[in-house]
Amino acid sequence: MTKDQIFEFFRLLAEDNPDPQTELEYGNAYQLVVAVALSAQATDVGVNKATRALFAKVKTPQQMLELGEEGLREHIKTIGLFNSKAKNVIALSRLLVDEYGGKVPDSREELVKLPGVGRKTANVVLNCWFGQETFAVDTHIFRVGNRTGLAKGKTPEQVEAKLEKRVPAPFRLGAHHWLILHGRYVCKARTPECWRCPVVDLCSFKKKVLEKPKGRV
DNA sequence: CTCCCGATAT
DNA sequence: ATATCAGGAG
């Protein structure tokens with residue numbers, strides 16, 4: 001994609017969805033960290049279903065430690081990978097209390113020290129809570145970047161590096177959400193809905209599904 | 001690289 | 001039945 005095409009790409013996504021937001025539910029920075037840590041290889045809908053009850057009781061890392069690993073496991077056992085996630089969230093909460101005064105740090109360097117928090121989760125927190133222009137390359141953004149030709153790469157890090165270079169200034173803060181929502185609802189993994197895609201004319205996807213399958217909405 | 005792992009869409 | 005879902009750790 002040329003510079004002009006990339007600008008047009010985001011202009012169209014922005015026009016389609018003026019104010020994109022995360023679909024994870026949270027009330028503060030700590031809950032955001034927990035929600036994103038729980039969301040690995042799980043749907044936002046499934047995570048929200050579990051955190052609704054959890055976050056009503058637990059709003060701070062101190063309260064999470066009071067709940068304990070076993071109590072947390074009960075809340076999140078409907079989410080995949082719940083065992084390792086419970087361990088991580090307890091460990092992460094302990095570290096926040098012991099080393100950070102119960103507050104979520106605002107740098108990637110510090111965030112990735114938290115158990116269960118890798119580069120992608122750190123980038124989400126930096127963007128959604130601290131308003132930084134980060135590009136959290138999850139499964140959706142990885143797919144959209146590679147399919148469309150916006151940012152091809154063999155690893156999420158490579159895709160992130162290309163986004164870092166290519167996304168124009170006016171779209172840098174929102175790009176992360178435009179791409180993820182586009183990937184979730186239009187440029188889907190199994191059944192991409194190219195017939196209703198706003199950026200189909202700019203896309204390099206070889207197997208474009210241009211016709212709307214009959215009997216679908 | 002493998003392991004972790006329930007719910008949902010196809 | 002199986003692919004996929006806001007990945008990260010060992």
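Here is the naming used below: chain letters follow the sequence lines, and residue numbers restart at 1 for every chain.
For S107(A) (side chain) and E110(A) (main-chain N/O), a donor-acceptor pair under 3.5 Å exists by modelled atom type. A donor-acceptor distance shorter than 3.5 angstrom exists from the side chain of N28(A) to the backbone of K59(A), with no hydrogens or angles considered.
Counting heavy atoms from C-beta outward, F82(A) and L38(A) have side chains that stay 4.5 Å or more apart. Using a 4.5 Å heavy-atom cutoff, the side chains of L81(A) and Q41(A) are in contact. Between L67(A) and H75(A) the shortest side-chain heavy-atom distance falls below 4.5 Å. In this structure, L179(A) and F9(A) have side chains that are in contact, with non-hydrogen atoms separated by less than 4.5 Å.
Here K85(A) lies out of heavy-atom contact (under 4.0 Å) with every strand. Residue contacts for G46(A): at a heavy-atom cut-off of 4.0 Å it reaches no nucleic acid atom on any strand shown. The residue I141(A) sits apart from the nucleic acid: no heavy atom pair falls under 4.0 Å. Residue-level contact check: T121(A) touches the backbone only, with heavy atoms under 4.0 Å from sugar-phosphate atoms and none from bases.
Within the 6.0 Å centre-distance limit, the rings of F7(A) and F171(A) are counted as a close aromatic pair.
One interatomic measurement links the two molecules: CZ of F142(A) to C1' of dG7(C), which rounds to 13 Å at whole-angstrom precision. Taking atom NE2 on H140(A) and atom P on dA9(B), their separation rounds to 14 Å, with Å as the unit. The distance from atom CG of L181(A) to atom P of dA6(C) is 10 Å, rounded to the nearest whole Å. Taking atom CD on E160(A) and atom P on dG7(C), their separation rounds to 14 Å, with Å as the unit. If you take OH of Y185(A) and C1' of dT8(B), they are 13 Å apart, rounded to a whole angstrom. Atom CZ of R119(A) and atom C1' of dA6(C) are 16 Å apart (whole Å). Following rounding to the nearest Å, I76(A) (CD1) and dC5(C) (P) show an atom-to-atom distance of 21 Å. The distance from atom CD of E157(A) to atom C1' of dG8(C) is 11 Å, rounded to the nearest whole Å.
Ring-to-base geometry does not place H177(A) in a stacked arrangement with dA6(C) (centre distance under 5.5 Å, plane angle under 30° required).
Using atom P as the reference point in both dA6(C) and dT10(B), the two lie 13 Å apart (nearest Å). Separating the C1' atom of dT2(C) from that of dC5(B) is a span of 15 Å, rounded to the nearest Å.
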Inset, instruction - Sugar-phosphate atoms are those with a prime plus P, OP1 and OP2; base atoms are the rest. Using that split, label each nucleotide of nucleotides 1-6 of chain B B, S or - for protein heavy atoms under 4.0 Å, 5' to 3'. - result: ---BBB
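Side-chain N/O atoms of R184(A) include none lying less than 4.0 angstrom from OP1 or OP2 on dC5(C). Residue R190(A) has no polar side-chain atom (N or O) positioned under 4.0 Å from OP1 or OP2 of dC5(C).
Comparing L114(A) and V124(A) by the nucleotide of DNA chain C whose heavy atom lies nearest to each, the residue mapping closer to the 5' end is V124(A).
Enclosure of atom CD in E164(A) by more than 12 non-hydrogen atoms of other residues, nucleotides or ligands within 6.0 angstrom is indicated.
If you check distances only, the side chain of T191(A) never reaches the base of dA9(B) with a donor-acceptor pair under 3.5 Å.
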